[in-house]
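Data block below; observations after.
These numbers come from a predicted model, not from an experiment.
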Amino acid sequence: MFKFDFFNVEKPEEAPQATNFGREPVLHQLADFKYQPKRISYSFYEDLVRRDLYDVMYELKQRSDLNEEEKLLLESNSDLESNVYEGGLKVWEGSYDLVKVLKDSFNGDFQISGSRKYMELGCGAGLPLCLLLYKHIQQNIPGKFVFADYNEAVLSLLTVPNILLIYLSARNLLPENENEINTDPEMLKSMVKDLDNVGIEIEIVSGAWGAQFTKLTGESDFDLVLASETVYSLESLPSFTNVTVSALKPGASALVAAKQVYFGVGGGVIEFLRLLDAEGLHHSTVAEYGESVKRVVLEVKK
């Protein structure tokens, strides 16, 4: 069973070189997201609240003020358009796998003394990192949380509403026996103020992985990096690996959920492990799922 290991300090290993693909990354604060839906329909995955995906599409169809990226999300007939839309409006199996691994690691308890820093790459709905955020809010534990996705529209439409829902859930502010909530800008402001008082910091990053991404988020700074379904592209594998390893503190770990093979795309676990081995990076399998298409959760340790 995977266990958090925050205190094993070793000499950092040199991360692989990578190329930046697609749009330049941008660092956002929660207060930067001026727009928010006036109503959010939500449901639960086990006890983890999240905005309904159909609610996002319904909203896009109703609005007349869509920006170019939002129009693209509405009109796209594909789960993936490389360097345009990277699948953030779908919750992939790997996200649920990561949530299960994290829950199993708690073993019914989650006690961390002192501030910790987490990042989820390619977060989309951000369920795994939202689980950790929920635990920190519930117990008033300081921490830094970085949610990163290629598309800013995904972050605005799905990730930020999920952060708000997680906050309301952790503070017992969601209405009972309801599946939707009316929102206003004051809710977000109130949440930010409350989290600031606790010492919980949330950052949002849009754009491509690469050197600029690492510069924005911080190098050798994170206790845990999470990622699911992020190794499907052979082109972006070096960038993903570089960003992941560069972000970790010495001795810290990344949890990467992935399918063994991504048919028709080219990437998969085998290619990812080959790259890790070539760079001398430590890895192990902490969980396996699926039958026809095998899925794994890997721990990559710096």
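The minimum heavy-atom distance between Glu299 and Ser253, with the atom names listed, is OE2-OG, 2.6 Å. Here the closest heavy-atom approach between residue Tyr262 and residue Gly268 is recorded as CD1-CA, 3.7 Å. The nearest pair of heavy atoms linking Leu248 to Ala254 is CD1-N, 3.9 Å. Nearest approach of Arg50 to Leu127, heavy atoms of both residues: CB-CD2, 3.6 Å. When all heavy atoms of Pro128 and Leu98 are compared, the closest pair comes out as CG-CB, 3.7 Å. Closest approach of Ala153 to Glu69, counting heavy atoms only: N-OE1, 2.6 Å.
A single hydrophobic cluster is not seen to contain both Tyr58 and Leu66; linkage of ILVMFWY side chains at heavy-atom distances under 4.5 Å, directly or through other members, places them apart. One hydrophobic cluster, built from ILVMFWY side chains closer than 4.5 Å, cannot hold both Val26 and Leu155; they sit in different ones. In terms of hydrophobic clustering, with Ile, Leu, Val, Met, Phe, Trp and Tyr side chains grouped at heavy-atom distances under 4.5 Å, Phe44 and Leu129 are assigned to a common cluster. Ile270 and Tyr232 are not part of a single hydrophobic cluster, where members link through side-chain heavy atoms under 4.5 Å apart.
Asp194 is linked by a side chain to side chain contact (heavy atoms under 4.5 Å, CB included) to Tyr167, Arg171, Val198, counting only residues two or more places apart in sequence or in another chain. For Tyr45, the ring-ring contact (aromatic ring centres under 6.0 Å, His included) partners at least two apart in sequence or on another chain are Tyr96. For Phe272, the ring-ring contact (aromatic ring centres under 6.0 Å, His included) partners two or more places apart in sequence, or in a different chain, are Phe240. In terms of the side chain to side chain contact (heavy atoms under 4.5 Å, CB included) criterion, residue partners of Val261 (sequence neighbours excluded) are, by chain and number, Phe263. With sequence neighbours excluded, the residues satisfying side-chain hydrogen bond (donor to acceptor under 3.5 Å, both in side chains) with Glu93 are Lys259. Every side chain to side chain contact (heavy atoms under 4.5 Å, CB included) that Lys100 has, sequence neighbours left out, goes to Asp104, Tyr289. Not a single side-chain hydrogen bond (donor to acceptor under 3.5 Å, both in side chains) links Gln29 to another residue, sequence neighbours left out. In this structure, Asn67 has no side-chain hydrogen bond (donor to acceptor under 3.5 Å, both in side chains) partners at least two apart in sequence or on a different chain. Considering only residues two or more places apart in sequence or on other chains, Leu216 meets the side chain to side chain contact (heavy atoms under 4.5 Å, CB included) condition with Pro25, Leu27, Gln212. The salt bridge (charged side-chain N to carboxylate O under 4.0 Å, His left out) search around Glu178 returns none, not counting sequence neighbours. Qualifying side-chain hydrogen bond (donor to acceptor under 3.5 Å, both in side chains) partners for Thr214, counting only residues two or more places apart in sequence or in other chains: none.
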Exercise for the section: May I have the step-by-step check of side chain to side chain contact (heavy atoms under 4.5 Å, CB included) for Ser169 and Tyr134, ending in yes or no? Expected result: CA-CA 8 Å; Ser169 177; Tyr134 177 87; 3.5 Å; yes
Practice task
Decide side chain to side chain contact (heavy atoms under 4.5 Å, CB included) for Val269 and Thr285; before the verdict, give the C-alpha distance in whole Å, the side-chain angles of both, and the deciding distance to 0.1 Å.
Solution key: CA-CA 11 Å; Val269 170; Thr285 300; over 6 Å; no
Problem - Candidate pair Val243 and Thr217, rule side chain to side chain contact (heavy atoms under 4.5 Å, CB included), full reasoning - result: CA-CA 9 Å; Val243 164; Thr217 56; 5.6 Å; no
Exercise for the section: Assess whether side chain to side chain contact (heavy atoms under 4.5 Å, CB included) is satisfied between Ile204 and Asp32, documenting all intermediate values. Expected result: CA-CA 9 Å; Ile204 315 287; Asp32 295 336; over 6 Å; no
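For His283 (side chain) and Val300 (main-chain N/O), no donor-acceptor pair under 3.5 Å exists by modelled atom type. A donor-acceptor pair under 3.5 Å links the side-chain atoms of Thr159 to the main chain of Gly124, judged by distance alone. At least one donor-acceptor pair under 3.5 Å links the side chain of Arg51 to the backbone N or O of Leu157. Under the 3.5 Å distance criterion, the side-chain polar atoms of Ser156 are left unmatched by any main-chain donor or acceptor of Glu152. At distances below 3.5 Å, at least one donor-acceptor pair connects side-chain atoms of Glu229 with backbone N or O atoms of Gly94. Looking only at distances, a side-chain donor or acceptor of Asp184 sits under 3.5 Å from a matching main-chain atom of Met187. Put simply, the side chain of Asp55 gets close to the backbone of Ser41: a donor and an acceptor are under 3.5 Å apart. A side-chain donor-acceptor contact under 3.5 Å links Lys301 to the backbone of Gly251.
Within the structure, every pair that satisfies the salt bridge (Lys or Arg N to Asp or Glu O under 4.0 Å) test and touches residues 201-213, not counting sequence neighbours, is listed here: Lys144-Glu203.
Distance check: Met119 CE to Asp223 CG gives 11.5 Å after rounding to the nearest 0.5 Å. In this structure, CG on Leu224 lies 8.5 Å from OG on Ser105, to the nearest 0.5 angstrom. Atom CZ in Arg295 sits 11.0 Å away from atom OG in Ser228 (nearest 0.5 Å). From Asn179, atom CG reaches atom CD1 of Ile40 across 12.5 Å, with rounding to the nearest 0.5 Å. Here CD1 of Ile141 is found 11.0 Å from CD1 of Ile137. Values are rounded to the nearest 0.5 Å. To the nearest 0.5 Å, atom CG of residue Leu121 and atom OG1 of residue Thr244 are 5.0 Å apart.
Between Cys130 and Phe147 the shortest side-chain heavy-atom distance falls below 4.5 Å. With contacts defined as side-chain heavy-atom distances shorter than 4.5 Å, the pair Leu168/Val49 does not qualify. At least one side-chain heavy atom of Met191 sits less than 4.5 Å from a side-chain heavy atom of Leu30. Using a 4.5 Å cut-off on side-chain heavy atoms (C-beta onward), Leu133 and Ile202 make contact. Within the 4.5 Å cutoff, the side chain of Val256 has no heavy atoms near those of the Val225 side chain. Here the side chains of Thr241 and Leu281 are in contact, with some heavy-atom distance below 4.5 Å. Between Leu275 and Val231 the shortest side-chain heavy-atom distance does not fall below 4.5 Å. Annotation: side chain of Trp209 is not in contact with side chain of Asn242 (no heavy-atom distance under 4.5 Å).
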